[in-house]
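Since the structure comes first, as structure tokens, the remarks are kept for the end.
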Amino acid sequence: MNIGIPRALLWSIYLPLWKTFFNELGHEVLLSSPTSKRILNDGVTACVDDACLPVKVMHGHVMDLIGKADLIFIPRLISICPKEYICPKFIGLPEMIRNSVPGGPKLLILDLNAHKGLKHAYKGFYEIGRQLGARDSAVKRALARALNAQGEYTAKLLGGFNPLTLLEGMALQAGTGSKKGTIGLIGHPYLLYDRFISMDACRKLVQMGYRLIFPENIPQDKIERACSVYPKKLFWSYGKHLLGSGLTMLEGKMADGIVVLSSFGCGIDSFMVELLQRRNQRDFRIPFTIITLDEHSGNAGFDTRLEAFVDMMEWRDHSGHYFSPHGEGLYIYKSAF
Amino acid sequence: MTGKDLYLGIDVGSVSINIVLIDEKYNLLEKLYLRTQGRPIRILKEGLEEISHALPKAARIAGVGTTGSGRELANAMVSADVVKNEITAHGTAVLHFIPDAQTILEIGGQDSKIILLRNGVVSDFAMNTVCAAGTGSFLDRQAERLGVPIQEFGALALKSTAPVRIAGRCAVFAESDMIHKQQMGCSCEDIIKGLCDALVRNYLNNVGKGKEILPKIVFQGGVAANVGIVRSFEEALNQPIIVPEHFDVMGAIGAGILAHRETSRTGATRFCGFNALIGDFLARTFECKGCTNLCEVVEILSDGELRARWGGRCGRWAVAAGDEAESLRLAQGAPSA
């Protein structure tokens, strides 16, 4: 059987797990085409109006696979870590697609729910295994190999690689001659590692001579430690990942500047980015900017912000980097943290 | 006086095109503020013609800088020495005229931005995200609705005795709120003042969110001509607001200053000369069919000859102004639309 995997949402994080699993069960995997204007247009037309851009793009990718794949794989990621959740739009994803995408594509849905413990997380794999006609023993073996492949992939990410290089073979290293500094690029994986949605931010920054560091390069224990200062548990796994990796970059002086990419209307970002920005403002004061992405296809506004940010970094750098963190603003939000 | 070196700064924005002529001490010799009227190429050409007539004898253009959202377009026509984003250009100009400024409030046609300056460099900035509420075009529209010429708008606001509260978050909400207040019988002056307050409140809450606004505060961009907005800023921040003499062309002045710095480094200007601007300029776009992105590619032709081309995501069509003739020919040899 030919199983289609949409190149959207968390594919860039979990592809080795999913692909290995299906391959081990004897199926072929077909990826949708990289995001393009056509995929975006299809997704925006099909999807409900108030979904965020990444969810709309997901719809477009599913439509791209119709007629090419026998089954389209849609993960329903409810919880990837005990006692935590991820965005509700992921939970309702299969239903959204079933109701919005025309032509009634045949879906293969993986329910992944680790909320009550990691043991429960693997149940869904046995269920889709049975749907594909595999015996539980075969699923067990395939899952073990898939987890192994995923582990190797995660190790590479933590070793400093990024999904664009590992999955799409894109060279993302600044020339050896340039020592301009490092920019921490923060955002959800479906923004950062989608060259179309991110307006190719990674390549542009590298061409401007900067090294990049991503949230996926930061180990989980550091993220947990960085987030432990907050009085309540952060129960959104991906929000915590963004905030914690950003804080780790700030505290560890791993980046000379931070660029946050956020999609318009993202609820999690509205909290996490704000917390990160306040912490930077209070304790570190390195160059920091947020760029909001939506359906625009014009690059001008985006490039202006990126260029201005890099100019600012260089200008500040030449002036010796020192900015007094003291001084009372006339008009500034008082932060609780 | 033989061979006096002058510098040209060009700011092509959404609403206006500003051209300035400065000398090497950055004194302003000529300034033009022209409405774009949706025809940037023609207006820019006419403006440059006007400048060339005003050029003193024995003076020569020793450098050209462009900025604004149409900076690439301007560059394609004149072949500039620097093509810079608006943030850097505005920051540069303010630091020249008011070296101890710490905050720049800039409100233009469709953009609004805040730039923080510390120790003589840009240390932080923000631009409006996806909404044009709180920019010049919004005021233009409302002035038209009230039947008040935009030039008198600010003066009327100062006559208000009991300003009404207008919802400023969204241009559509503000408009319906205004209509309602008119129907309640509130005076025009009070409504206009309410609108100025709303715009300032929206600006400070959106663009100025979390930014430390320290004196001296400089207010520039087209909207700074509006004394009503200036007063509302002074009331909201409880600080005097400085509106520089050339508040409407500060971006262009910044571009001119940057051109001087660049040419002192390179030694020669790339400017094509006024004579090269006599011909007919034509901009045309076509949709590239090379992949599913269907990029809109823009070409600038001068008397049928390709000057510059941009717009494709992959860069296959890119031809920059002032490129070597050979690369131009090569690009022209590529399949044309």
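Looking at A:Arg203, the atoms closer than 4.5 Å to chain B (heavy atoms on both sides) all sit in the side chain, from C-beta outward. Proximity to chain B is absent for every atom of A:Ser33, based on heavy atoms less than 4.5 angstrom apart. In this structure, no portion of B:Thr67 lies under 4.5 Å from any heavy atom of chain A. Contact annotation for A:Phe288: only backbone heavy atoms (N, CA, C, O) come within less than 4.5 Å of a heavy atom of chain B.
The side chain to side chain donor-acceptor pair (under 3.5 Å) search around B:Asp124 returns B:Lys211, not counting sequence neighbours.
Taken from CH2 in A:Trp315 to CD1 in B:Ile87, the straight-line distance is 10.5 Å, to the nearest 0.5 Å. Annotation: the span from A:Arg38 atom CZ to B:Cys291 atom SG amounts to 10.0 Å, rounded to 0.5 Å.
One finds a salt bridge joining A:Arg285 and B:Glu212 here, because a Lys/Arg side-chain nitrogen approaches an Asp/Glu carboxylate oxygen to under 4.0 Å.
Residues B:Arg71 and A:Thr304 have side chains in contact (heavy-atom distance under 4.5 Å, counting atoms from C-beta outward). A:Lys37 places a side-chain heavy atom less than 4.5 Å from the side chain of B:Glu296. The shortest side-chain heavy-atom distance between A:Glu274 and B:Lys209 falls under the 4.5 Å cut-off.
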Starting from the C-alpha separation in whole Å, work towards a yes-or-no answer on side-chain contact (heavy atoms from CB on, under 4.5 Å) for A:Met312 and B:Ser123.
CA-CA 7 Å; A:Met312 176 173 82; B:Ser123 82; 5.7 Å; no

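By the neighbour-count criterion of 12 heavy atoms within 6.0 Å, atom CZ of B:Arg231 is sparsely surrounded, having that number or fewer from other residues, nucleotides or ligands.
Side-chain contact check for A:Asp311 and B:Thr88: at least one donor-acceptor pair (N or O, by modelled atom type) lies under 3.5 Å.
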